[in-house]
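What follows is a single structure, written as structure tokens, with notes after it.
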Amino acid sequence: MMCAMLIAYLTVGYPTPEAFLEAAKRIGPYVSAYEIGFPPRFAKYDGPVIRRSYMSIKGSLDEHMALASSVNGTKFALTYYEDIRERPEAFISKAASSGFAGCLFPDAVIDYHLEAEKVFSMVNDAGLKNAIFVSPSVPDALISKVSRWADAFLYLGVRPTTGVPVPVSVEALVKRIKKLYSGPLIVGFGLKDEEIKDAIGAGADGIAVGTAIIKALEAGPEKAEEEVKRIARIAGN
Amino acid sequence: MVNFPPEKWYNVVPDLPAPLPPPMDPPDAESSSIELLNQIMPREVLRHQFTVERWISIPDEIRDAYAQVGRPTPLLRAKRFEEAIGTKARIYFKYEGATPTGSHKINAAIPQAYFALKEGVTGLSTETGAGQWGAAVALASSIFGISSTVFMVRTSYEQKPLRRLLMEMYGAKVYPSPSEKTEPGRAALGRDKNARGSLGLAMSEAIEYALKNGLKYAVGSVLDVVLMYQSVIGLEAKAQLEAHGEVPDVLIGCVGGGSNFGGFVYPFIGSGIGKRYIAVGPTEIPKFSSGSYRYDYPDSAGILPLVKMLTLGREYAPPPIYAGGLRYHGVAPSLSLLVREGVVEAMEVSEEEAVRAGLLFARSQGIVPAAESAHAVAAVIRAARESAPGTVIAFNMSGHGLLELDVYRRSSA
């Protein structure tokens with residue numbers, strides 16, 4: 001079996017700059033890429049754990065970018081488009097000069113679908129790739145349209161918010177997307193252990209893990225490492 | 001060709017013109033109200049809410065129960081009504097009043113009672129305004145042998161004793177809301193011991209009651225999953241119109257939270273049938289014309305997650321129009337989006353116009369429309385006047401008004 005991709009989420013500088021860097025280093029061998037979250041004013045598609053992490057960190061975007069630039073490996077800069085909408089090019093160019101491979105805006109398609117393609121094109125113009133987030137409530141026609149821009153991967157969040165377990169049929173959700181899009185598909189948002197296998201079995205190319213890592217990281221970078229190793233095993237890596 | 005009752009429910013979400021904004025936790029929340037849904041609603045109902053697929057298979061036990069309550073309901077041509085209003089349009093209506101509880105509400109109550117029973121829950125709790133939803137939950141619960149508890153807005157509890165009696169006949173325990181049974185109820189009574197209540201408050205009471213008593217809460221409208229369960233109306237109507245050799249041009253339904261409208265109209269939108277879709281609300285509760293499109297709570301106590309919808313605000317106190325089923329501050333998220341995107345036209349008609357239209361319908365066709373459905377009838381008259389000869393208009397007669405004849409008393413005198 002081909003190795004499943006594992007995308008690990010970290011909130012920049014959380015819980016402390018040192019612990020963040022240490023965790024990034026420790027989990028590096030097990031992950032395909034990092035998503036590094038830059039705190040928005042309101043992380044509306046995140047659950048309580050990630051929202052809390054955003055609220056607890058201080059510092060400017062420049063300081064956060066400088067910190068994130070010391071993380072080695074493929075990394076994607078994540079923030080809410082709502083916050084950078086006035087000048088998306090500022091965030092995108094900072095991400096480019098800080099060594100990011102691409103950007104991910106969880107609200108771009110859901111809340112700004114009319115201007116999303118313009119932003120995706122700006123990301124490409126800066127030499128970066130697009131990881132594009134869609135939720136199950138994005139209609140088929142729009143998934144087909146925006147997924148053409150997903151030159152990094154398409155990220156399907158199977159639940160309304162991260163880390164909040166509501167029952168969903170992961171297999172049905174993944175199969176629906178696979179009918180519309182043939183590129184790399186990453187699945188995340190509150191995946192339970194057994195759902196990781198369901199997602200891969202239904203044709204997903206990998207999974208994204210956030211809340212579970214942040215929770216573990218609160219007990220120390222070594223716990224984050226253990227958690228990522230555990231998840232990598234479930235994913236068949 | 002659709003078998004009767006239909007074998008699948010239809011979910012409009014994959015076919016919407018724009019993404020449906022997901023439900024959201026309040027910005028300052030320490031805990032997640034989305035997570036709380038796990039304790040409130042049957043698991044399978046939640047799974048249907050969050051697993052977006054176009055078609056969902058209806059379990060045989062539910063299809064049997066649909067058959068028991070008279071599905072498919074009739075689709076009739078309103079020929080004498082056409083003559084009465086002097087139109088050359090052909091008017092058809094789906095008659096949901098033909099179910100035992102006299103409205104479409106039973107379509108969404110049956111699956112929720114069934115899925116609650118399947119997971120070993122002993123009973124459902126819910127709220128009701130005029131009593132149609134409460135009666136539907138009471139009947140659905142009795143079909144599957146579980147208990148039901150209904151918080152009925154006090155105004156209706158006192159004004160509509162026959163509805164209350166019907167629920168009790170099916171075995172429901174009915175409390176007037178605000179009640180002493182729950183925290184939101186006691187708080188409302190503390191502020192005003194004669195409080196008349198509202199649908200939003202009764203909803204909050206029913207949710208808290210379910211949480212405290214190990215029951216599940218049955219949701220009557222607004223959420224996508226309810227509109228999906230109601231899609232049996234439109235799927236049947238589509239096949240029935242086909243059998244008549246008709247392709248509808250105009251589709252009309254009244255809107256409280258949006259469940260009968262969505263249930264009737266969405267399957268037509270999904271298959272690209274129809275030129276105009278008209279959602280009718282009451283002038284007295286102007287959520288289409290004065291509501292804002294934003295995240296708001298479906299219930300007045302703010303226990304449920306925020307949803308993005310056209311809303312007059314959860315604190316809004318609806319004026320006492322007779323159509324209790326329309327006295328609600330918001331519009332289902334999917335319908336709000338379709339109105340915003342210009343796919344569905346919104347119309348508002350006054351109680352007076354609705355009652356006049358309902359009376360005319362009763363005199364010409366014999367069927368007495370529920371006060372809510374009379375709003376749809378009024379919109380049909382308006383649409384017929386604007387239509388070219390030969391236009392086919394289809395509307396949902398969401399219920400009959402035989403238990404609420406009072407609303408017609410003044411006008412028929």
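Below, each value reflects all heavy atoms present in this structure, side chains not excepted, and no hydrogens, waters or symmetry copies. Numbered from 1 within each chain, the chains take letters A, B, ... in sequence-line order.
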(request) Start with the C-alpha gap between A:F20 and A:L217, add the side-chain angles, then the distance that decides, and say whether side-chain contact (heavy atoms from CB on, under 4.5 Å) holds. (result) CA-CA 8 Å; A:F20 160 75; A:L217 177 52; 5.7 Å; no
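- Your options are A:P165, A:G190, A:A43, A:A172, and the one with the most heavy-atom pairs under 4.5 Å with chain B is A:P165.
- Listed here is the closest heavy atom pair of A:P88 and A:E86: CD-C, 3.7 Å.
- Interface check for chain B: of the options A:V109, A:V138, A:V166, the most heavy-atom pairs under 4.5 Å are formed by A:V166.
- Proximity to chain A (any heavy atom under 4.5 Å) is shown, for B:L37, by neither the backbone nor the side chain.
- In this structure A:D125 satisfies the side-chain hydrogen bond (donor to acceptor under 3.5 Å, both in side chains) test with no other residue, sequence neighbours excluded.
- Contact record, A:F38 with A:A77: CE1-CB, 3.8 Å, taken as the closest heavy-atom pair.
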(message) Please evaluate residues A:K129 and A:V123 with respect to the criterion side-chain contact (heavy atoms from CB on, under 4.5 Å), reporting the C-alpha separation (whole Å), side-chain torsions for both, the decisive distance (0.1 Å), and the verdict.
(response) CA-CA 6 Å; A:K129 290 190 170 185; A:V123 169; 5.8 Å; no
(message) Does A:F120 form a side-chain contact (heavy atoms from CB on, under 4.5 Å) with A:D151? I'd like the steps, not just the answer.
(response) CA-CA 10 Å; A:F120 300 149; A:D151 48 2; over 6 Å; no
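- Top candidate by heavy-atom pairs under 4.5 Å with chain B, chosen from A:L173, A:V134, A:V49, is A:L173.
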Short of 3.5 Å, which donor-acceptor contacts do chain A and chain B share? List atoms and distances.
residue	atom	partner	partner atom	Å
A:R51	NH2	B:A29	O	3.2
A:S137	O	B:L20	N	3.2
A:S137	OG	B:L20	O	2.6
A:D140	N	B:P14	O	2.9
A:D140	OD2	B:R54	NH1	3.2
A:D140	OD2	B:R54	NH2	2.7
A:P165	O	B:N38	ND2	2.6
A:S169	N	B:T51	OG1	2.9

(request) Would you please test A:R230 and A:D193 for side-chain contact (heavy atoms from CB on, under 4.5 Å) and show each step? (result) CA-CA 10 Å; A:R230 194 185 69 80; A:D193 290 353; 2.8 Å; yes
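- Proximity to chain B (any heavy atom under 4.5 Å) is restricted, for A:L142, to the side chain, taken from C-beta onward.
- Of all the listed residues (B:P17, B:A18, B:P23), the one sharing the greatest number of non-hydrogen pairs under 4.5 Å with chain A is B:A18.
- By the 30° and 60° cut-offs, the orientation of the rings of A:F76 relative to A:F153 is perpendicular.
- Summarising the geometry of A:P136 relative to A:V158, their closest heavy-atom pair is CG-O, 3.9 Å, with the distance given to 0.1 Å.
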